[in-house]
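The next block holds one structure in the form of structure tokens; read it before the comments.
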Amino acid sequence: MKRKLIAILLAGAMLTSLTACGAKGGDETVPAADSNNNNTNVSQDGDATPTPAEPVADTGSDYPLEKIVMVVDGTMTADLESGQQDVEKQWEEAVGIDLEIQQIDHSGYTDAVGRLFASGDYPDVMVMSADMFSQYMPTGLLWDMTEAYDNADFQERMLLPQINEALREKGGGRLYGFSPAYGNGCVTYVKKAWLDALDINIDDIKTYDDYYNMMLRFHNEDPDGNGVDGDTYGVIAAGFIGFEAPYINYLPEFWQDAYPAILQGEDGVWYDGFQTEETKAALLRLQQAYADGVIDPESLTASTKIAREKWYSNDQTGSSAAFTYWAGRWYQTLTDSFSKNGVDSELVQLPPIAEVGAYINREAPVWVILDDGDGDNAREQAIFDAFFETMMDGDVVQTIWTFGAEDVHWSLKAEEFSTNADDPEKRKDYSYEEGTFHLLPSMTDPNSLWTKNLFDPNLVVCELTNGYGDSSTLMAEGNKFFTENSKDAPMSPISETYTNEGGTIYDAKLAVITKVVVEGGDVDEAMKTYVDTVGSIIDQCLAELNQ
């Protein structure tokens, strides 16, 4: 079949080009509500037991679809330790066919997908980042779902059609994937206690000079109150540059108007944003900040998990004042993490400084169906109907993907419970009447409430019609702040050479950043090395994009 031939062609290229991703990563989520349908009973030992119910899926064809194999990354919160088997069972009960969830660690996802495709062991559906989608779309591996999408029942509940229309534009008028939610992005959070300790008003931070002087004070003075000056930092980040778009979202105040990636100008011509004067200026800002102790030096190699945990650690010595991370739901999650560790939990969202203008809304993750290459769409259409139609059904299955399994992650039952029951200062009591939607304590941390499963109800493109929504004030406030202070990321490039050589280009960028920022080297010399190393590759990418 066609897909096997493509696998052979990709085997060498993908495994070589995507190795850089595993060095970075994290488990950011963008990324969950439920239905009135009680399809599941929970036994005394906590096991979910499906009870008879009519499947909601209609494949719309006679294709004998018996099973769907799904590959997903860390954006799905219900992992094997957190009730994934219950999600699987309740989905199967609702849809009427077997579901196999294969979850791959987020930080190694791109590498693993490359190996998966090279082996020819394809799933039926899977999630891709915007960059991955751009790279794989031209290969012929992804099913053209244009007609299926246009005729989908969920169109009548569509809230944000522009998200998938952008994917259609990227595909030259054809649709090779589906985004169930918009991308979201990062905002800069600052510890309120540290601001108060140094008598800093966040409303006074309007320019880069304001920001930088504030960061210097956080490093040079004693914001954590331990009596020692100089043992804290201004900001920590999960890398100075990201492997995937939007690349600069963890240190926006330093990158400003630079976008160090291949991008399209207003004149329609593609160019390398890494070789611009704007990028050089950004590298020099980072160099100065690194030398001054404004940036935690662990930022060079820290994953998002390491950066997060150091930021809200119960020992604030060596921590940082600011952390730029995902908006909305993470506003609540980060706040809860501080509280759990006994650290002052109030956070302030920093409005974009003048030189930044707006935070970046990343291109949305994309769900795709793998084309078996037999020229017959019956199988793929059946998968679309069973998986995507139900994913956006507005009720039972959309709730499963949003919030997780009923009576495992959320419930409608009358009940009372407490978190931190043994700590009078942290204890919080919950009481719900029958029929009231509420989230349950996390299976892995009974002192924290479950938050979501696969995507955020505030970001979803189709309406959730059963009335279950996000009750967190902080989440709603965070989403509102981001939408009012963000702009869309530039479109990712689609180039065969870029697909094959993206890892090599990324490594060359890291070499420049290490030389300039960490070692204090000359930016022009480092950029010359970059051009000598990957200049011909970049030229080939641009030639393909601009032809």
Side-chain angles (χ1 to χ4, degrees), residues 3 32-35 37 39-40 48 50-72 76 78 84-103 121-128 141-158 164 167 175-181 365-374 376-406 453-455 460-466:
R3 58 193 292 184
D34 189 42
S35 72
N37 184 331
N39 286 337
T40 306
T51 55
E54 288 296 322
V56 300
D58 178 4
T59 62
S61 72
D62 295 327
Y63 186 87
L65 185 64
E66 297 179 355
K67 179 179 180 179
I68 290 178
V69 177
M70 160 190 158
V71 169
V72 67
M76 181 171 173
Q84 186 176 107
Q85 67 279 8
D86 300 295
V87 167
E88 204 171 88
K89 287 179 182 178
Q90 292 189 21
W91 187 94
E92 291 170 347
E93 179 65 24
V95 179
I97 61 176
D98 187 26
L99 176 67
E100 179 183 331
I101 300 174
Q102 297 179 4
Q103 188 167 21
D121 185 16
Y122 297 89
D124 296 304
V125 297
M126 66 178 299
V127 69
M128 290 184 168
L141 289 171
L142 311 185
W143 183 58
D144 181 349
M145 62 176 68
T146 308
E147 283 73 28
Y149 172 81
D150 288 341
N151 295 309
D153 291 341
F154 60 65
Q155 290 290 348
E156 66 185 26
R157 293 182 297 279
M158 185 66 69
N164 286 288
L167 291 182
L175 194 65
Y176 295 92
F178 172 70
S179 291
V366 183
W367 282 87
V368 302
I369 295 174
L370 278 299
D371 193 331
D372 61 13
D374 65 358
D376 184 347
N377 291 326
R379 167 188 164 273
E380 290 83 359
Q381 180 67 56
I383 293 170
F384 183 94
D385 293 338
F387 193 81
F388 292 109
E389 281 280 23
T390 65
M391 177 182 270
M392 295 286 103
D393 68 356
D395 194 13
V396 179
V397 182
Q398 189 169 338
T399 295
I400 292 172
W401 288 130
T402 308
F403 283 118
E406 184 175 5
N453 183 19
L454 190 57
F455 42 76
V460 73
V461 300
C462 289
E463 182 181 11
L464 188 62
T465 59
N466 56 24

Separation between CD (E92) and NZ (K67), nearest 0.5 Å, reads 9.5 Å
Residues at least two apart in sequence or cross-chain that pass side-chain contact (heavy atoms from CB on, under 4.5 Å) with V460, listed by chain then number, are M392, Q398, F455
Residues passing the salt bridge (charged side-chain N to carboxylate O under 4.0 Å, His left out) test with E147, sequence neighbours excluded, are R174
When rounded to the nearest 0.5 Å, the distance separating OH of Y63 from CD of Q381 is 13.0 Å
Any donor-acceptor N/O pair, Q155 side chain to Y149 backbone, under 3.5 Å
yes
**Asked** Just by distance, do the side chain of S179 and the backbone of N164 share a donor-acceptor pair under 3.5 Å?
**Response** no
Salt bridge (charged side-chain N to carboxylate O under 4.0 Å, His left out) filter on D150, not counting sequence neighbours, yields R168
Within a strict 4.5 Å, meaning less than it, do heavy atoms of the V87 and M76 side chains meet?
yes
- Item | Under 3.5 Å: donor-acceptor pair, side chain of E380, backbone of D372 | yes
d(E88 CD, M70 CE) to nearest 0.5 Å is 9.0 Å
Interatomic distance, CE@M391 vs CZ@F384, rounded to 0.5 Å, equals 10.5 Å
Quick one: do Y122 and L141 satisfy side-chain contact (heavy atoms from CB on, under 4.5 Å)? Show the steps, please. CA-CA 10 Å; Y122 297 89; L141 289 171; 3.5 Å; yes
Nearest heavy-atom contact between L142 and D371 is C-CB, 4.1 Å
- Item | Q103/Q84 under side-chain contact (heavy atoms from CB on, under 4.5 Å): CA gap, chis, key distance, verdict | CA-CA 10 Å; Q103 188 167 21; Q84 186 176 107; 2.8 Å; yes
To the nearest 0.5 Å, atom CD1 of I101 lies from atom CD of Q85 at 9.5 Å
Original post:
For E66, does the CD atom sit with more than 12 other heavy atoms under 6.0 Å from it, leaving out its own atoms?
Top reply: no
dist I383:CD1 -> I369:CD1 (nearest 0.5 Å) comes out at 5.5 Å
### Task
Starting from the C-alpha separation in whole Å, work towards a yes-or-no answer on side-chain contact (heavy atoms from CB on, under 4.5 Å) for M145 and Y176.
CA-CA 6 Å; M145 62 176 68; Y176 295 92; over 6 Å; no
In terms of heavy-atom contacts, F387 and I68 come closest through CB-CD1, 4.0 Å
So, does T390 use its side chain to make a donor-acceptor pair with the main chain of V397 at under 3.5 Å?
no
Tightest non-hydrogen contact, residues V127 and P365, listed as CG2-CB, 4.2 Å
For M158 and V461 the tightest heavy-atom approach is SD-O, 3.3 Å
Ring geometry between F178 and F388 (parallel below 30°, tilted from 30 to 60°, perpendicular above 60°) = perpendicular
What one should report as the nearest heavy-atom pair of V368 and G177 is CG1-CA, 4.1 Å
Charged N-O contact under 4.0 Å between R157 and D393: no
Less than 3.5 Å apart, any donor N or O on the side chain of N377 or W143 sitting next to an acceptor on the other? yes
Here the pair of heavy atoms bringing A405 nearest to D86 is CB-CB, 3.7 Å
